[in-house]
Protein chains: 2
Amino acid sequence: MSETTTGAGNAPRVRARLVDVAELSGVTKSVVSRVLNNDPTLRARPETRERVLEAARELGYRPHAGARALSVARTGTFAFLIPDLTNSVYAVILRGAIRRARELGYVVLIAEDASHAPAGAEEYSELVDAGRVDGLLVASARPESPLVAALVEHPDSVAHVFVNREVPGSRRNVTVDIRGASRLAVEYLASFGHERIGIISGPPDLQPAVARTEGFKSKMADLGLAGDLVAAGDFDEQGGFEAAHELLSRAPEVTALYVSTFGQAVGVLAAAREAGRVVPDDLSVICYDDVPVANYLNPALTTVSMPLNALGVAAVDALMEQVGGAPAASVAIEDHFAVVPRKSVAAPPAS
Amino acid sequence: MSETTTGAGNAPRVRARLVDVAELSGVTKSVVSRVLNNDPTLRARPETRERVLEAARELGYRPHAGARALSVARTGTFAFLIPDLTNSVYAVILRGAIRRARELGYVVLIAEDASHAPAGAEEYSELVDAGRVDGLLVASARPESPLVAALVEHPDSVAHVFVNREVPGSRRNVTVDIRGASRLAVEYLASFGHERIGIISGPPDLQPAVARTEGFKSKMADLGLAGDLVAAGDFDEQGGFEAAHELLSRAPEVTALYVSTFGQAVGVLAAAREAGRVVPDDLSVICYDDVPVANYLNPALTTVSMPLNALGVAAVDALMEQVGGAPAASVAIEDHFAVVPRKSVAAPPAS
DNA sequence: CGGGGTTGCGCAACCGATATTTCAAAGATT
DNA sequence: AATCTTTGAAATATCGGTTGCGCAACCCCG
């Protein structure tokens, strides 16, 4: 609308600078800057403010990010270190983070710290050293990465939060309640009458894996059931397949499985087929984390959904507080998880 | 290594600036800058160069990105506009792009332009106007987004490429050979003896959808087969389910389906089950794009894999050329696709 | 009518780099 | 010995903002 009034419309505009706005409104750039930033120390006539605002609007003025960063020593940028982009769990967290960041005037750039591309940590310090970012969102699942170690040792060197990970010794963990969700999953299975419940866990050196196992065992204990049916595998299809294969042959009496990730669950389903067990008649399966495709597996997979989007939001909020100078504090998102019932859980076989 | 020689080791370092390096090496900052940037117009004694280099190393000097951006009018940043972060297709492209960008000294920031968050386009122009980015990677699937229209009309206003999308009227499309891959899929099905082959296509206003259909029809024609079994649905599970449901009831004689996306294929499998058709005995299914989980569906899904990583790499390379001043040119990745045979394709039923 | 206190805004220094210009000292030339 | 070139590096302007301070003009008051 206002663009057309300039007559320039959608012509290949050149960037308008502060001085351009100043010239057009007949004041100096310092006044323009203060008006646009609502500097309370500035005394200006309302009509002057209005002229400035109007000129800025007319020119489509936007402060140059680099110049501003230079001045105020703030970039308006966060970096997100992610272990695996193709894992939709992280994608959802990232989405929540990006949106929240945008609401706060921040943008986020991505680095991947996959096991096959271990450059992530180094890249991070490059970003920090180059003054490119104001803070780090670290979702790396790799234990004892040099980056994590450095951050734990010098927590104040740069604003940061660990996302979906409880790093020992850090007061900057933003997490969901994995244990609570795991307890809920077990409770759900038990409500169908299952007693011999097993867990497909993850690599024991990964904290999220042990949290699931802890939740599992604690709820089993509360129910007076034996929590000894544990098998560990990688957090992917292959890992789930292998762990389930092993557990099903070691303890064929198991009637229900709590699985740590969706990827694993897909593998578990394959292993169950291979073992000649039909889900859910001969074996019930529930997994941590809900993804859309779960609804279309055969059978449709019962899951417990986690507030991953909220996790991303909370992570950015926590980071913003640090940037704003507030003391660091871990955040745990306690609820907002729920089992989404589908077709992979039923009562145990009569036998 | 060199860090420990400073004695500061891993202490909470403060950023070293150009002047710090200058002071330490006993020259002025202009000399330091030119030495570090290999300015050919600078004449300096080798020993002076060495002193500067050593000082920079010792201080762990890294130029401040904002300051440099201000000076050279380049940010070292690209932005990637992505329609759906949770879609692993885009994740793989993004991964390739990020890695390549990093090799070239660039970082990439993400914006999501989902249908449920249509702010993406606006965010983009904010990024450009604020001088935050040197170029745009546009993978938005949304047809006629205002951003796309603006870029097509003023192609030189900002460096950009369209990724995995053939935008009419643009010379900046970086694509894979969807038609060729589609032809390959059809050929593969035909090699099993299928003649009544159908396609589950996508929204007709999305260019990638029509490309698949075109490839399908052209190969069917080449084979002397009728290419009339077409059903369209959204590119997700739901869309695949609905389209397949419709096609299977409309044309029950179909013996094989070429499906446009993995998400759709999952829905197609569900629809087949619902229709009482067992895959692959009563119905063969192959889909465009390979993802790890395809191997664990029931049955394991035969797919045609695409060079998505290479696509991301090529997109960044094309963008870099534009930034470097080269004339824009579309790029098509012609081969590197292949069918990965699994369990969802077999010979048509004898009947 | 002159002095003190606002009101409203301009001046100029910085932020940390890059790039062009200037200049002192050393060596070559006559 | 006096001038002309080179060599090597210092000065300085600039990029586009932010921010502390200064300073007129205006007001009110005695």
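Residue numbering restarts at 1 for every chain, and letters A, B, ... go by the order of the sequence lines.
- Sequence neighbours left out, the pairs with a member in residues 59-72 of chain B that pass side-chain hydrogen bond (donor to acceptor under 3.5 Å, both in side chains) are N37(B)-R68(B).
- A salt bridge links R99(A) with E112(B): the distance from a Lys NZ or Arg NE/NH1/NH2 to an Asp or Glu carboxylate oxygen falls below 4.0 Å.
- For Y61(B) and dA17(C), the shortest distance from a side-chain N or O to OP1 or OP2 is below 4.0 Å.
- In this view, N309(B) and V92(B), R95(B), V313(B) satisfy the side-chain contact (heavy atoms from CB on, under 4.5 Å) rule, not counting sequence neighbours.
- Across the helix from dC1(C)-dG30(D) to dT30(C)-dA1(D), the helix axis at one end is tilted relative to the axis at the other end by 70° (nearest 10 degrees, each axis from five pairs).
- Applying the side-chain contact (heavy atoms from CB on, under 4.5 Å) test to R17(B) and every residue at least two apart in sequence or in another chain returns V19(B), D20(B).
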Distances for protein N/O vs nucleotides 22-24 of chain C N/O pairs under 3.5 angstrom?
none

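- Listed by residue number, R43(B), A44(B), R45(B), T48(B) are the residues of residues 42-51 of chain B with a heavy-atom contact under 4.0 Å to DNA chain D.
- Scanning residues 32-40 of chain B for heavy-atom distances under 4.0 Å to DNA chain D yields R34(B).
- Comparing T28(B) and A67(B) along DNA chain D, the residue whose closest nucleotide (by nearest heavy atom) sits nearer the 5' end is T28(B).
- Scored by the salt bridge (Lys or Arg N to Asp or Glu O under 4.0 Å) test, E166(A) finds R179(A) as partners (sequence neighbours excluded).
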Can you name the atoms? Protein N/O to nucleotides 12-14 of chain C N/O, anything below 3.5 Å, with the distance.
none

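- The salt bridge (charged side-chain N to carboxylate O under 4.0 Å, His left out) pairs that include a residue from residues 309-329 of chain A are R100(A)-D317(A), where partners are two or more places apart or lie in different chains.
- With sequence neighbours excluded, the residues satisfying ring pair (Phe, Tyr, Trp, His ring centres under 6.0 Å) with F162(A) are H160(A).
- For F78(B), the ring pair (Phe, Tyr, Trp, His ring centres under 6.0 Å) criterion is met by Y106(B), not counting sequence neighbours.
- Distances from the side chain of R17(B) to the nucleotides dA17(C), dG16(D), dG17(D) place dA17(C) closest.
- Side-chain N/O atoms of T175(B) and N173(B) include no donor and acceptor closer than 3.5 Å.
- When the side-chain nitrogen and oxygen atoms of R68(B) are compared with OP1 and OP2 of dT18(C), one or more of them lie within a distance under 4.0 Å.
- Using a 4.0 Å cut-off between charged nitrogen and carboxylate oxygen, E54(A) and R51(A) do not count as a salt-bridge pair.
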